[in-house]
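See structure below.
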Amino acid sequence: MAPRAPKGTRDVLPAEGRVRARIESVAAEVMAANGFGRVITPTFEETEVFVRGVGTATDIVRKEMYTFDDRGGRSLTLRPEGTAPVARAYSEHGMHKLPQPVKLWYVAPMFRYEAPQSGRFREHWQVGAEAFGSEDPLLDAEMIAMLAEIYARLDVPEVRLRISSMGDPVGRAPYREALLAHLERHADSLPADARGRMHENPLRLFDMKDRAVQAAMADAPRLLDNLDDASREHHERVLEALRLMGIPFEVDPTLVRGLDYYTRTVFEFTCDRLGAQSGIGGGGRYDGLVASLGGPEVPGVGFGTGIERITLALGGDADPGAGIDAYLAVPDAGIRLELMPMLRDLRRAGLRVEAGTAGRGLKAMMRHASGLGARRVVIVGPREHAEGLATIRDMETGDQVEVPVGEIASHIMGGGDPA
RNA sequence: GUGGGCGUAGCUCAGCUGGUAGAGCUCCUGGUUGUGGUCCAGGCGGUCGUGGGUUCGAGUCCCAUCGCUCACCCCA
């Protein structure tokens, strides 16, 4: 069998590539407007970065990482998520000595060994942003506003925002006990996997779709109702800022994110256009992450959004491209050779120009030019060449003019509206 | 990992109760002397996912296997 792209991976072909380029450029604009600088971290990290950063109770670390030993015996892991590596880089380069907050963004591929389905791949790309060194709840709101702005500029349809608070690890402890006690009372009605999960992270059960689990969770105590005072105050400030900015949201006490590092603010954008994997982007605050990677006690807040899911939400309509400005139809190889400098000059001037392969008939070249959406075709056959001329045909009107070969470039760039 | 659906030309698909493969689109070449997008004609292109089995004979039935896909779980 001929090789295929590995399970869970895909090739992005030019039509979709144009959509992707637009997504990335919109993201770059919004990031720049908010003062974020771009970072590029390695595609793989020491495995420790994710074990300590993301947490051993998460599915990502327990069963989804592409981990391997290199020839030197180091355990390395293909980046399964973007925040831990950026936190590592922040710490490694002493960025806590820079004016805070330090704002960083990235666009990078993520790798997770999961069963592929609609909107879920083993390699997917994310645009993400992280801000380190500020506890200000208004920064949380700014992050959320940024992400909302990206979706708005791209016209992503049917986007909704859910938000909640995880409190902090210390204040969360008593609640965790209370939730566990509640679940113990319903233990006999829960499926096996739910019983196993509840001891590792009982909050995770809020996210399960199993009917029995949902029934048991319906009257469970809510973390949002049991926040410590500081976390509650923080949460209220975030919501107030969102209201003032006119960003619609819905507080969802059952919102749980699958990464252990989140504290206080957590949020998730969903798109109803998507299938079961409706999450299009999300994030939150992670005040203990940098320290857990051996760095200073520095708070942080960030988000990630999936490029493939944005593309899906946009309808998957391929961008047909904008055609080309001119097509060079020169059947004779020798004449084509002479026109090489002219061809280069047209492209240097910013025009989109294609040249037909010598050896095919003129009719085939015209067909080709038409298929490419060419606005003009430059014909230099033996007849024109003998007189030092070129025929330039306007493909919309069908008008043709003859000009000296030396004036092809100036004629095309001068006549009509330049690109 | 578990369950459902599907695997026929590059793409989208037809192939009734088994009889040795088709269409549309794309692409290529023509429709007289160098000119496109419409139209017409022709052409390229498939070991019918793979391996077994039943049968005189299987794309069509049976088994296995691989792959794709959707869902659970989880997440972007």
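Here is how names work: the chains are called A, B, and so on, in the same order as the sequence lines, proteins then strands, and each is numbered from 1.
- The base of B:C74 lies close enough to the side chain of A:R120 for a donor and an acceptor atom to sit less than 3.5 Å apart.
- In this structure, CD of A:Q277 is placed 13 Å from P of B:U69, rounded to the nearest angstrom.
- For A:R367 and B:G37, a side-chain-to-base donor-acceptor distance below 3.5 Å is absent, hydrogens and geometry of angles not being considered.
- Ionic pairing of A:D252 and A:R160 is not present here: no N-O contact between side-chain nitrogen and carboxylate oxygen is shorter than 4.0 angstrom.
- Among the heavy atoms of the strands, none lies under 4.0 Å from A:A329.
- Rounded to a whole Å, the CE atom of A:M365 is 12 Å from the C1' atom of B:U35.
- The base of B:C73 lies outside donor-acceptor range of the side chain of A:E114, with no N or O pair under 3.5 Å.
- Here, B:U20 and B:U60 have their C1' atoms 13 Å apart, quoted to the whole Å.
- Judged by centroid separation below 5.5 Å and plane tilt below 30°, A:H124 stacks onto the base of B:A76.
- Base contact: A:R112 has a heavy atom under 4.0 Å from a base atom.
- Taking the C1' atoms as reference points, B:C66 lies 40 Å from B:U29, given to the whole Å.
- Remark: the backbone N or O of A:T83 is paired with a side-chain donor or acceptor of A:E81 at under 3.5 angstrom.
- Of the side-chain N and O atoms in A:R360, one or more sit less than 4.0 angstrom from OP1 or OP2 of B:C28.
- Following rounding to the nearest Å, A:K7 (NZ) and B:C70 (C1') show an atom-to-atom distance of 12 Å.
- Rounded to an integer number of Å, the gap from CG of A:L389 to P of B:G34 is 18 Å.
- Using a 30° and 60° split on the angle between ring planes, A:F267 and A:F269 fall in the perpendicular class, above 60°.
- Contact annotation for A:G128: no contact, since no heavy-atom pair falls under 4.0 Å across all strands.
- Nucleotide B:G67 is matched to B:C6 when pairs are restricted to Watson-Crick or G-U wobble geometry with both distances under 3.5 angstrom.
- The separation of B:A41 from B:C48, taken at their P atoms, amounts to 30 Å, rounded to a whole angstrom.
- Of the nucleotides present, none pairs with B:C74 by Watson-Crick or G-U wobble criteria with both distances under 3.5 Å.
- Using a 4.0 Å cut-off between a side-chain N of Lys or Arg and a carboxylate O of Asp or Glu, A:D325 and A:R352 qualify as a salt bridge.
- The shortest distance between the side-chain N/O atoms of A:T305 and the OP1/OP2 oxygens of B:A76 is not below 4.0 Å.
- Figure legend. B:U55 is base-paired to no nucleotide; pairs are counted as Watson-Crick or G-U wobble with both atom distances under 3.5 Å.
- The environment of A:R153 atom CZ is dense: over 12 non-hydrogen atoms of other residues, nucleotides or ligands sit within 6.0 angstrom.
- The side chain of A:L362 lies closest to B:G34, out of B:A76, B:G34, B:C74.
- Taking atom C1' in both B:C62 and B:G18, the straight-line distance is 13 Å, to the nearest Å.
- A:T77 places no side-chain N or O within 3.5 Å of a backbone atom of A:M65 that could act as its donor or acceptor partner.
- Using atom C1' as the reference point in both B:G36 and B:C28, the two lie 16 Å apart (nearest Å).
- Judged by Watson-Crick or G-U wobble contacts below 3.5 Å, the nucleotide B:G43 has B:C27 as its partner.
- Remark: A:R122 is positioned above the aromatic ring of A:Y113, its terminal NZ or CZ atom under 6.0 angstrom from the ring centre and at most 45 degrees off the axis.
- Residue whose closest nucleotide on RNA chain B sits further toward the 5' end, between A:E384 and A:S118: A:E384.
- For A:E396 against B:G37, no side-chain N or O and base N or O form a donor-acceptor pair under 3.5 Å.
- Between the CD atom of A:Q117 and the P atom of B:G1 there is a distance of 15 Å, rounded to whole Å.
- In this structure, A:R4 places its CZ atom 15 Å from P of B:G7, rounding to the nearest Å.
- Ranked by how close their nearest RNA chain B nucleotide is to the 5' end, A:K63 and A:G282 are led by A:K63.
- The separation of B:G46 from B:G34, taken at their P atoms, amounts to 35 Å, rounded to a whole angstrom.
- Side-chain proximity of A:R309 to the nucleotides B:U35, B:C74, B:A76 is greatest for B:A76.
- Base contact: A:I379 has a heavy atom under 4.0 Å from a base atom.
- Rounded to whole angstrom, the span from the CD atom of A:E387 across to the C1' atom of B:G34 amounts to 14 Å.
- In this structure, A:M366 places its CE atom 14 Å from P of B:U38, rounding to the nearest Å.
- Nucleotides B:U26 and B:A9 place their C1' atoms 12 Å apart, quoted to the nearest Å.
- Look at B:A14: it lacks any Watson-Crick or wobble partner with both distances under 3.5 angstrom.
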* To do: Assess whether salt bridge (charged side-chain N to carboxylate O under 4.0 Å, His left out) is satisfied between A:E16 and A:R10, documenting all intermediate values.
  => CA-CA 12 Å; A:E16 184 183 334; A:R10 51 198 299 278; 2.9 Å; yes
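- Within the nucleic acid shown, A:E308 has no heavy atom closer than 4.0 Å to any nucleic acid atom.
- Nucleotides B:A64 and B:A23 place their C1' atoms 33 Å apart, quoted to the nearest Å.
- Minimum atom distance to the side chain of A:Q126 is reached by B:A76, of the listed B:A76, B:C72, B:G34.
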